[in-house]
There are 2 protein chains.
Amino acid sequence: MDKCHCDPSEKYDSISTGSKEKNRELALLCKALAHPARVQILKLLVRKQSCICGEIVDQIEDLAQSTVSQHLKILKDTGLIRGEIEGTAVCYCIEPSGLRRLRVLIADI
Amino acid sequence: MDKCHCDPSEKYDSISTGSKEKNRELALLCKALAHPARVQILKLLVRKQSCICGEIVDQIEDLAQSTVSQHLKILKDTGLIRGEIEGTAVCYCIEPSGLRRLRVLIADI
DNA sequence: ATGTTTTATCGTGTTTTAACGATAAATAAA
DNA sequence: TTTATTTATCGTTAAAACACGATAAAACAT
């Protein structure tokens, strides 16, 4: 609860808020994690370092299969996970570069 | 592009994806950053360690004053920034605990 | 007291997200 | 070949996000 005073000596022009592109990129990654189910899926895949097939659907309780499938698609399109067809099932796993990128951009804030 | 095989030996029950509450919390923080303008505002306030009054509106080009105000409100409600009335202006600054929390939860993934 | 500046809020329209059931597509099993 | 299993996609509905102009509220200046 400390005070908060403006310092007019600092010029705004001299402050870079990073490239527009990076901001957009971070916003997209964050949007992908802007839903509890997607956070849960990502964590699940991080912890089970080998990948998980469709039982993700069972883990995410209270959501229909089609809904979970949508969430998986969002994570995949954002580059945070990867899916590979394994017979009749599909095997999802972390896309490490995506997660790394997220961490870098967050650190950049 | 390495292979991706399921390991049926790992039991899903034994894997914790963190408390539902934490997942929800991270999702909310991420949602707050799920828009480029909000990312930009946050970065601006981090870099200018003393706070900035309404010129944020000028920095965020192409958005109306009322829209920027909405974004500021979202960041404030999420606990990432703080606003304090300073005469007729309002002075925004980072809420360090919020950003710290975000970093912790991201690291937790 | 009156007018000006700054910011928040309201009302509105548009777009995007979220969720579901139903169904299609692909493979495996019978 | 037929049937079952698994997953993605389609169509729909409801809710939330986004953006804007207009306006209200508060403090300052005249």
Side-chain angles (χ1 to χ4, degrees), chain A residues 4-6 8 12 20 23-24 26-42 44-45 51-93, chain B residues 4-6 8 12 20 23-24 26-42 44-45 51-93:
Chain A
C4 174
H5 284 299
C6 284
Y12 304 101
K20 266 193 170 32
N23 291 351
R24 221 177 58 88
L26 178 53
L28 283 177
L29 283 165
C30 283
K31 184 181 281 192
L33 290 187
H35 192 292
R38 294 197 290 268
V39 171
Q40 195 187 342
I41 292 171
L42 197 68
L44 189 60
L45 293 179
C51 59
I52 292 186
C53 313
E55 290 117 299
I56 298 171
V57 174
D58 299 332
Q59 287 283 309
I60 312 296
E61 44 194 27
D62 301 329
L63 285 189
Q65 177 268 323
S66 60
T67 306
V68 174
S69 192
Q70 287 273 60
H71 286 307
L72 287 167
K73 180 173 168 48
I74 289 170
L75 289 170
K76 199 170 64 172
D77 290 348
T78 317
L80 285 168
I81 69 175
R82 182 164 47 185
E84 176 179 327
I85 297 170
E86 197 106 352
T88 175
V90 174
C91 200
Y92 282 100
C93 52
Chain B
C4 173
H5 284 300
C6 286
Y12 304 100
K20 269 197 168 31
N23 291 350
R24 221 177 58 90
L26 177 53
L28 284 176
L29 284 165
C30 284
K31 184 181 282 193
L33 290 187
H35 192 292
R38 294 197 291 268
V39 171
Q40 196 186 342
I41 292 172
L42 197 69
L44 190 60
L45 293 179
C51 59
I52 291 183
C53 313
E55 290 117 302
I56 298 170
V57 173
D58 300 332
Q59 288 284 308
I60 311 297
E61 44 194 27
D62 300 330
L63 285 188
Q65 177 267 324
S66 60
T67 306
V68 174
S69 192
Q70 287 272 59
H71 286 308
L72 286 167
K73 180 174 166 50
I74 289 169
L75 288 171
K76 201 170 64 171
D77 290 349
T78 318
L80 285 168
I81 69 175
R82 181 165 45 184
E84 176 178 327
I85 297 171
E86 198 104 351
T88 175
V90 174
C91 198
Y92 283 98
C93 53

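Here the structure is a predicted model, which is why all the values come from computation and not from measurement. Convention: sequence-line order gives letters A, B, ...; per-chain numbering from 1.
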Expressed in angstrom and rounded to an integer, what is the separation of [X] atom [atom1] from [N] atom [atom2]?
| X | N | atom1 | atom2 | result |
| --- | --- | --- | --- | --- |
| A:Glu84 | C:dT27 | CD | P | 14 Å |
| A:Gln59 | D:dT7 | CD | P | 14 Å |
| A:Asp58 | D:dT5 | CG | P | 14 Å |
| B:Arg38 | D:dA17 | CZ | P | 9 Å |
| B:Ile56 | C:dT6 | CD1 | P | 14 Å |
| B:Ile41 | C:dT7 | CD1 | C1' | 14 Å |

Give, for atom CG of B:Leu45 and atom CZ of B:Arg82, the distance between the pair rounded to the nearest 0.5 Å.
11.5 Å
Straight-line distance of B:Leu26 CG to B:Arg24 CZ, nearest 0.5 Å:
12.0 Å
Minimum-distance nucleotide (side-chain atoms of A:His35 versus C:dA19, C:dT7, D:dC18):
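Of all the options, the side chain of A:His35 is nearest to C:dA19.
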Output the single nucleotide from C:dT16, D:dT7, D:dC20 whose closest atom is nearest the side chain of B:Leu63.
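For the B:Leu63 side chain, the nearest candidate turns out to be D:dC20.
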Please report the closest heavy-atom contact between [X] and [Y], naming both atoms and the distance.
| X | Y | value |
| --- | --- | --- |
| A:Ala32 | A:Leu80 | CB-CD1, 4.0 Å |
| B:Ile85 | B:Val90 | CG1-CG2, 4.2 Å |
| A:Gln40 | A:Gln59 | NE2-O, 3.7 Å |

Under the rule of Watson-Crick or G-U wobble with both distances under 3.5 Å, where | means paired to another strand and [ ] a crossing pair, DNA chain D maps to ||||||||||||||||||||||||||||||
For nucleotides 25-30 of chain D, 5' to 3', base contacts (B), sugar-phosphate-only contacts (S) and non-contacts (-) with protein non-hydrogen atoms under 4.0 Å give --SS--
Do any N or O atoms from the side chain of [X] and from the backbone of [Y] form a donor-acceptor pair under 3.5 angstrom?
| X | Y | value |
| --- | --- | --- |
| B:Thr78 | B:Ile74 | yes |
| A:Ser69 | A:Gln65 | no |
| A:Arg38 | B:Ala27 | no |

Is any side-chain heavy atom of [X] less than 4.5 Å from a side-chain heavy atom of [Y]?
| X | Y | value |
| --- | --- | --- |
| A:Leu29 | A:Leu33 | no |
| B:His35 | B:His71 | yes |
| A:Tyr92 | A:Glu84 | no |

Is any side-chain N or O of B:Tyr92 closer than 4.0 Å to OP1 or OP2 of C:dT6?
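Looking at the OP1 and OP2 atoms of C:dT6, neither is under 4.0 Å from any side-chain N or O of B:Tyr92.
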Enumerate the residues from residues 65-78 of chain B whose closest heavy atom to DNA chain C is under 4.0 Å, giving them by residue number; use none for an empty result.
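Listed by number, they are B:Gln65, B:Ser66, B:Ser69, B:Lys73.
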